[in-house]
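Predicted, not measured: the structure shown is a model, and the values here were computed from it. What's counted below: heavy atoms across the whole structure, side chains too, no hydrogens, waters or symmetry copies.
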2 protein chains.
Amino acid sequence: MGNDNLDNKRPAGPPSPPLPPRSRPLPSSDDRRHIGFLISDVARLMRAAFDRRVRRLGLTRSQWLVLSRLHRHPGISQSELAEMLEVERATAGRMVDRLERSNWLVRQPDPADRRINRLYLTAEAEAVQAEMGTIAEGLIDEAMALLDAGERAALTAMMERVKTQLQAMAQPGAAP
Amino acid sequence: MGNDNLDNKRPAGPPSPPLPPRSRPLPSSDDRRHIGFLISDVARLMRAAFDRRVRRLGLTRSQWLVLSRLHRHPGISQSELAEMLEVERATAGRMVDRLERSNWLVRQPDPADRRINRLYLTAEAEAVQAEMGTIAEGLIDEAMALLDAGERAALTAMMERVKTQLQAMAQPGAAP
DNA sequence: TGGCAATAGTCGCATGGGTAATGATAACCT
DNA sequence: AGGTTATCATTACCCATGCGACTATTGCCA
């Protein structure tokens, strides 16, 4: 997060707990936290910018993600949707509730497995889906306007490595 | 978000709406969206990883951010806290509610201005605050383990430029 | 001084996200 | 076949966040 400018005077404290010794000099504590804050900030600002641009359509970014997956994979179940979005089934179910209530999609019972709801976009949803894709691309282009093509590629590659590492850390059986 | 692997067969559609002409060749639509998804994913994974590590302390990442600001700036008002965290006053107020209920901080009425609550950490909060700072640093170090020092610096610098740009776009009076 | 604009905080309503428990249904396996 | 296990969806209860309306104060200024 943002402006906690000023002093890092933290009262010196005990001589830093037993962090594993490092070969290379480390940046300051605050610098190490800085990148974490930055990533959160940028994600939040992107979501806010997107929501601002699609509000007039009566949708949010998260809802667009659902429509987008359903456009590419019509007839998936709620669990499959949850897995694609990397959210819990309960979360996906509530999102489906709201989208169904607003007539963006329908639940259809699977004829062969009565546990399953199969999801289908309505015609109106198909229409706005494409528009929102265009908005998303335009937003990314604007957000990355200060980076040249090489930098964008480098940023993407680095973020992919960070994501890989975080996923490994989330794996049950990773040393905390 | 993650695995929308497979086909981008989207049915060809109309010949792409009037995007502004570009001098440099653009990466594909999906590549452009990709970096947006990546940033959201990494932010979410970092929050989840942090929450997992501090859950035993009975706190969340957002609550740690409050404690951290209060540690550095004891006696600030709720509005000042909201501004530092870049959240709405209502959000900050509810967070203060919960933290006060769990005895991590106290509200003290300002003697000179009866509108203002001044916030102070309790002793227990001061204690865990430091521990959580250490956890945050360790988390960042692990998450960035696949990047060398130069790459981390480059990543930080690029993300700062993206944030700057997004803040400019959020400014009232920016061409959508 | 008296009135009105600005500020601090709260509350209600909404979305979005997680965990845990539960009920219904399939699948599996002895 | 029958019992056990796994899966799908829903529900209830949390936290976090935004927006807008509202109250209580302060401050400012004519």
Side-chain angles (χ1 to χ4, degrees), chain A residues 1-2 40-41 43-52 54-55 57-66 75-102 104 107-119 170, chain B residues 1 40-41 43-52 54-67 75-102 104 107-119 170 172:
Chain A
M1 317 271 119
S40 300
D41 290 350
R44 186 172 42 80
L45 288 165
M46 284 201 310
R47 191 191 61 240
F50 188 87
D51 284 351
R52 216 160 41 233
V54 299
R55 188 159 39 210
L57 300 174
L59 287 158
T60 66
R61 171 185 179 276
S62 295
Q63 292 173 341
W64 165 60
L65 289 176
V66 173
I76 58 176
S77 70
Q78 293 185 198
S79 291
E80 289 167 335
L81 176 65
E83 196 180 348
M84 282 185 186
L85 298 179
E86 296 178 27
V87 300
E88 292 300 308
R89 281 191 309 238
T91 302
R94 277 183 302 246
M95 226 139 35
V96 169
D97 284 344
R98 284 187 286 265
L99 287 167
E100 188 174 41
R101 188 152 36 94
S102 304
W104 295 110
R107 287 173 159 111
Q108 301 228 320
D110 184 299
D113 186 339
R114 281 186 294 173
R115 293 171 302 179
I116 296 180
N117 292 332
R118 304 230 159 259
L119 306 175
Chain B
M1 321 275 115
S40 300
D41 291 350
R44 187 172 42 78
L45 287 165
M46 284 202 310
R47 190 192 63 236
F50 188 88
D51 285 352
R52 216 161 42 236
V54 299
R55 188 161 39 211
R56 68 179 163 82
L57 300 174
L59 287 158
T60 66
R61 172 185 178 275
S62 294
Q63 292 172 342
W64 165 60
L65 290 176
V66 173
L67 300 195
I76 58 175
S77 69
Q78 294 186 196
S79 291
E80 288 167 337
L81 176 65
E83 196 180 347
M84 283 185 185
L85 298 179
E86 296 178 25
V87 299
E88 292 299 308
R89 284 196 310 260
T91 302
R94 278 182 296 249
M95 216 132 45
V96 169
D97 284 344
R98 284 186 288 267
L99 287 167
E100 187 174 40
R101 188 152 37 97
S102 304
W104 296 110
R107 287 173 159 110
Q108 302 229 320
D110 184 301
D113 186 338
R114 282 186 294 172
R115 294 171 302 180
I116 296 180
N117 292 332
R118 303 230 158 258
L119 306 174

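- The phosphate of C:dG16 (OP1 or OP2) has a side-chain N or O of A:Arg98 nearer than 4.0 angstrom.
- Listed pair B:Thr91 / D:dG18 meets the phosphate criterion, a side-chain N or O lying under 4.0 Å from OP1 or OP2.
- Of the two residues near DNA chain D, A:Ile116 and A:Arg47, the one whose nearest nucleotide lies more 5' is A:Ile116.
- Residue A:Arg114 places at least one side-chain N or O closer than 4.0 Å to OP1 or OP2 of C:dA26.
- Atom CG of B:Leu59 is separated from atom P of D:dC15 by 11 Å (rounded to the nearest Å).
- Residue A:Asp97 is out of contact with every strand shown, counting any heavy-atom pair closer than 4.0 Å.
- For B:Phe50 and D:dC15, the CZ to P distance is 17 Å, given to the nearest whole Å.
- Protein atom CD of A:Glu86 is 15 Å distant from nucleotide atom C1' of C:dG18, rounded to whole Å.
- Going from atom CZ of A:Arg94 over to atom C1' of D:dC8 covers 15 Å, rounded to whole Å.
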Tabulate protein N/O versus nucleotide N/O from nucleotides 2-7 of chain C, keeping only pairs under 3.5 Å, one per line.
from, atom 1, to, atom 2, distance (Å)
C:dT7, O2, B:Arg115, NH1, 2.9

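- Checking the phosphate oxygens (OP1, OP2) of D:dT10, a side-chain nitrogen or oxygen of A:Gln78 falls inside 4.0 Å.
- Here C:dC11 presents its P atom at 16 Å from CE of B:Met95, a figure rounded to the nearest Å.
- The backbone N or O of B:Arg61 sits less than 3.5 Å from a side-chain atom of B:Asp51, completing a donor-acceptor pair.
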Give every donor-acceptor pair under 3.5 Å between a side-chain atom in residues 87-99 of chain A and any protein atom, sequence neighbours left out.
from, atom 1, to, atom 2, distance (Å)
A:Asp97, OD1, A:Arg107, NH1, 3.1
A:Asp97, OD1, A:Arg107, NH2, 2.8

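- Closest approach of A:Leu81 and A:Val66 over heavy atoms only: CD2-CG1, 4.0 Å.
- A close approach under 4.0 Å does not occur between any side-chain nitrogen or oxygen of A:Ser62 and OP1 or OP2 of C:dT15.
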Here DNA chain C, pairs taken as Watson-Crick or G-U under 3.5 Å and shown with ( ), [ ] when crossing and | when to another strand, reads ||||||||||||||||||||||||||||||
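- OP1 or OP2 of D:dA16 has at least one side-chain nitrogen or oxygen of B:Thr60 nearer than 4.0 Å.
- Shown here for A:Leu57 and A:Trp104, the closest heavy-atom pair between the two residues is O-CZ2, 3.7 Å.
- Listed pair A:Arg107 / D:dC8 fails the phosphate criterion, with no side-chain N or O lying under 4.0 Å from OP1 or OP2.
- Atom C1' of nucleotide D:dC15 and atom CH2 of B:Trp104 are separated by 16 Å, given to the nearest angstrom.
- Closest-nucleotide positions on DNA chain C for B:Ala90 and A:Ala90 were compared, and the one nearer the 5' end corresponds to B:Ala90.
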